[in-house]
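Just so you know, these numbers use all the heavy atoms, side chains as well, and skip hydrogens, waters and symmetry mates.
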Amino acid sequence: MTSKNSRTLLAVLCLLLAIGPASLFAGAGKASAQVMRVAIVDSMKGTVSVMKSGGAKSFNAFKNMSLNEGDQIATGKGASVVLQLASDDADKDTITIGESSQVTFTKLKDSGGTKTKMSVWAGSLWVKVKSVSNASDQFEVETPTSIMGVRGTQFFVGVDPRTGLTNVFLAAGVIEAITSGIRLKEDGVTQQDKSVVLYPTQQLNEANREDGEGLATSISIIDIANFINEASSDIIKAILEDAKSIREEQERMLKQAEESMGDPASKENFGGAIQSDEDLANATDNFTNMLSIMAREAIEQKKIDQGTIDQINDDADEQLIDSNTKAALTLTEADKVKQEAAKKLTEKQQQLGESKDKQNQALLDQLNQAVAKAKEQQKKIAEENKAALQALTEKLEKLYFEKLTTEEQAKFNQSRGQIEKQPIDLGSGTPTGNTGGTTASGLAALKFSQTVYETSPLIVTGDTAAIDINVVFSGFNESRAIKGYQIEIEYDNLTTAFDESRFDGASTALGYRAGGGGFVVEPEGQTVSGANSVDDYRIVEGESKNTLVYTVAKFAGSSVQMSGETNVVKLPFIVSAVMPVNQEIGPEPLALPAKFRIKSITAVDAAGNPVAVVKGSELTLQIKSNR
């Protein structure tokens, strides 16, 4: 988009905001057969956010903002928002949304009748409906328990997600609450019609049973003290500010009730409740006194002040509300029973909510304990890793130090002093060279194949190097002649691996396994002329060290005598673990030494009895990197 086009679009948007939202839909009904209603933010306080239809992120609402079908609006604690629902062909409806609420506009249309549907999943709202004036008009409020169909109505809806209770209070008009499931009376057992009707001054309390089998429902005259206690100040104020229109609609309904008094039950006579002059007089008193009693109670509970009431009366040029009234709602014995049942249903749901809170808190406590335990374990592991790393570093430093000449060791310790590290002192009894090989009891020995390894380090030019270990026997003669032997060699699996490919290879196997001193081995799968022995090997894996177990036994011929040193087998290995440059260790790459330990070398006679057993000897191969 060019800079000029961007400025043009911005100017148009500013103009639309300056003109106001009414211009967005003025005359729209003449341009299209399908006209959409819009909800306009009239006023707001506190945190109010909006998520547009199909969106994933919410943003702050603002005055004169338009909400469309599919949009969701939410209020924070202590917040509220007043919306005007309007279109070209319908009267404006007003909605006041209280704190901690979430409302979605699931339908906003104005074609073939005004159709409005809102979903309330949490919080409270006060609705003043004017758009419903004929049979084709629809205004519905969906809650987690049922759908409220309204007509010419001013009403309150509250949904408590904690207790699962939905509360509806009707000030004027008619509401029909419909559920698709099983509707039960307040006892939670007796079934009733899925559709129930509310009339002015009545409240509907309903909640799904804990087992999900049905909707417990209670209809009674409103308990004003409890209602005021639960409602927010903004909602109470919105109700009282509509006092004039509430009274006007109530008076129309009372006139219809008087005209249909004595007729069969219908919406005109409040479902048959108005059957006598006394019934009509009681309803009239309740209608007349309801808002004044609410105002008195709200002032006593400090939800509003007297100044608010005075302003409402001044704006109306008459005393609509008398907050000093001594009146009370007139209740029949049946009304009192129903009001008590509603109270018990509410208390039951509150107890269930408290029980769920305790369960959730217990789960949260368990989770916090698990997190704390995991953090402690992580801390312990980190400390162990730190200690292990420190030990490894010290070990590497000593290994490097051993390779240096006396002059180089002095310089190395001087460098350590510059970085405030203690000098290395190997002690007079610690050897600084490599002995090349280890012999145990003069009976068996491990030796590197190339004698150069025994006198100088193995130079590694890549990441790995191949080495061979010779197993040498001597001193097995006369009564010490042997029929077989087993070798167990332990090695560090992080730096060393047994080279099975060379040991098993068709072209190399005989060079490693052919045997000596009378053991002519025939590896599995190969043919060896004059073979008199079989062998087997396996690798036992450990956490940081592996063990090679190699076994040879003669199947033909007499026992073998070896008086002088005889190489009986070569064992191929691969060594690696070239370390990177580390200023704290040394100025050049360093390879870890390859260490091998004789766990056991056991020679047996023809009867299978051990002739000699060697254990515990070590062979260390020094390695130097030349990369």
Pair E210-L352, side-chain contact (heavy atoms from CB on, under 4.5 Å): steps then yes or no
CA-CA 8 Å; E210 191 174 11; L352 289 175; 3.4 Å; yes
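- Remark: E241 engages no residue in a side-chain hydrogen bond (donor to acceptor under 3.5 Å, both in side chains) (not counting sequence neighbours).
- Counting heavy atoms from C-beta on, the side chains of Q102 and Q72 come closer than 4.5 Å.
- Checking N289 against S292 by side-chain atom types alone, no donor-acceptor pair falls below 3.5 Å.
- Checked against side-chain hydrogen bond (donor to acceptor under 3.5 Å, both in side chains), E297 has the following partners two or more places apart in sequence or in another chain: Q301.
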Evaluate side-chain contact (heavy atoms from CB on, under 4.5 Å) for N368 paired with L364, printing each intermediate quantity in order.
CA-CA 6 Å; N368 289 335; L364 182 61; 3.8 Å; yes
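- For D193, the side-chain hydrogen bond (donor to acceptor under 3.5 Å, both in side chains) test picks out no residue, with sequence neighbours left out.
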Would you give me the side-chain donor-acceptor pairs under 3.5 Å for residues 48-62, sequence neighbours excluded?
| unit_1 | atom_1 | unit_2 | atom_2 | d |
| --- | --- | --- | --- | --- |
| K52 | NZ | S66 | O | 3.4 |
| K52 | NZ | D71 | OD2 | 2.5 |

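- Under a cut-off of 6.0 angstrom, the local environment of CG in D277 is sparse, with at most 12 non-hydrogen atoms contributed by other residues, nucleotides or ligands.
- Applying the salt bridge (charged side-chain N to carboxylate O under 4.0 Å, His left out) definition to pairs two or more places apart or across chains, none involves residues 369-378.
- For residues 177-222, the ring-ring contact (aromatic ring centres under 6.0 Å, His included) pairs, not counting sequence neighbours, are Y199-F270.
- Residues T106 and T104 bring no donor and acceptor atom of their side chains to less than 3.5 Å of each other.
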Dump the intermediate steps for side-chain contact (heavy atoms from CB on, under 4.5 Å) on L198 and F155, then the final yes or no.
CA-CA 10 Å; L198 263 65; F155 66 103; over 6 Å; no
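- Here the shortest heavy-atom pairing between Q275 and D263 reads NE2-O, 3.3 Å.
- Counting all heavy atoms, side chain and backbone alike, I221 lies closest to Q203 at O-NE2, 4.0 Å.
- Of all heavy-atom pairs spanning N208 and P144, the tightest one is ND2-O, 3.9 Å.
- Judged by distance alone, the side chain of N229 and the main-chain N or O of A225 form no donor-acceptor pair under 3.5 Å.
- Residues R151 and K267 have side chains not in contact (no heavy-atom distance under 4.5 Å, counting atoms from C-beta outward).
- Put simply, CG on L215 and OG1 on T179 are 5.0 Å apart, with the number rounded to the nearest 0.5 Å.
- If you take OG1 on T166 and CG on D160, they are separated by 9.0 Å, rounding to the nearest 0.5 Å.
- Ion pairing of K185 with D187 is absent here, as no side-chain N (NZ or NE/NH1/NH2) approaches a carboxylate O to less than 4.0 Å.
- The line from CG of N546 to CD1 of I539 is 7.0 Å long, rounded to the nearest 0.5 Å.
- Atom CG of residue L329 and atom CG of residue N286 lie 5.0 Å apart, to the nearest 0.5 angstrom.
- Counting only residues at least two apart or on different chains, the side chain to side chain donor-acceptor pair (under 3.5 Å) pairs with a member in residues 338-352 are N205-T346.
- Remark: side-chain polar atoms of S101 are paired, donor with acceptor, to backbone N or O of S124 under 3.5 angstrom.
- P200 approaches A172 most closely through the heavy-atom pair CG-CA, 3.9 Å.
- Side-chain contact between M148 and V168 is present, with at least one heavy-atom pair separated by less than 4.5 Å.
- Listed by first then second residue, pairs satisfying salt bridge (charged side-chain N to carboxylate O under 4.0 Å, His left out) with a partner in residues 349-360 read R162-D357, not counting sequence neighbours.
- For the ring-ring contact (aromatic ring centres under 6.0 Å, His included) condition, the pairs that include at least one residue of residues 158-182, sequence neighbours left out, are F169-F227.
- For residues 322-331, the set of pairs meeting the side chain to side chain donor-acceptor pair (under 3.5 Å) definition, not counting sequence neighbours, comprises Q306-S323.
- Residues R296 and I224 have side chains not in contact (no heavy-atom distance under 4.5 Å, counting atoms from C-beta outward).
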Under 3.5 Å donor-acceptor pairs involving side-chain atoms of residues 76-84, not counting sequence neighbours:
| unit_1 | atom_1 | unit_2 | atom_2 | d |
| --- | --- | --- | --- | --- |
| S80 | OG | D234 | OD2 | 3.1 |
| Q84 | OE1 | T94 | OG1 | 3.3 |

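- With contacts defined as side-chain heavy-atom distances shorter than 4.5 Å, the pair T116/L108 qualifies.
- L291 and L240 make their closest contact through O-CD2, 3.7 Å (heavy atoms, listed as atom of the first residue, atom of the second, distance).
- Separation of atoms CD1 (I246) and CD1 (I239) is listed at 7.0 Å; rounding is to 0.5 Å.
- At least one donor-acceptor pair closer than 3.5 Å links the side chain of K303 to the backbone N or O of I228.
- What you find for A298 and I236 is that their closest heavy atoms are CB-CG2, 3.9 Å.
- In this structure, I95 and L85 have side chains that are in contact, with non-hydrogen atoms separated by less than 4.5 Å.
- Side chain of N313 to backbone of L320: a donor-acceptor contact under 3.5 angstrom is found.
- Between the side chains of T288 and D285, no donor N or O sits under 3.5 Å from an acceptor N or O.
- Applying the side-chain hydrogen bond (donor to acceptor under 3.5 Å, both in side chains) test to R252 and every residue at least two apart in sequence or in another chain returns nothing.
- Taking the side chain as every heavy atom from C-beta outward, T153 and V127 never approach each other to under 4.5 Å.
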Pair Q191-I182, side-chain contact (heavy atoms from CB on, under 4.5 Å): steps then yes or no
CA-CA 7 Å; Q191 289 196 28; I182 300 173; 3.7 Å; yes
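- Contact check for F139 versus M118: side-chain heavy atoms found under the 4.5 Å cut-off.
- D365 and Q369 share no side-chain donor-acceptor pair at under 3.5 Å.
- Residue E248 places its CD atom among more than 12 non-hydrogen atoms of other residues, nucleotides or ligands, all under 6.0 Å distant.
- Rounded to the nearest 0.5 Å, atoms CZ (R183) and OG (S146) are 5.0 Å apart.
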Please determine whether salt bridge (Lys or Arg N to Asp or Glu O under 4.0 Å) holds for the pair K107 and E140, giving the CA-CA distance in whole Å, both sets of side-chain angles, and the decisive distance to 0.1 Å.
CA-CA 9 Å; K107 185 180 293 185; E140 295 178 340; 5.9 Å; no
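- One N or O on the side chain of Q192 and one on the backbone of L184 form a donor-acceptor pair closer than 3.5 Å.
- E99 and S232 share no donor-acceptor pair across their side chains, judged by distance under 3.5 Å alone.
- A side-chain donor-acceptor contact under 3.5 Å links D335 to the backbone of T332.
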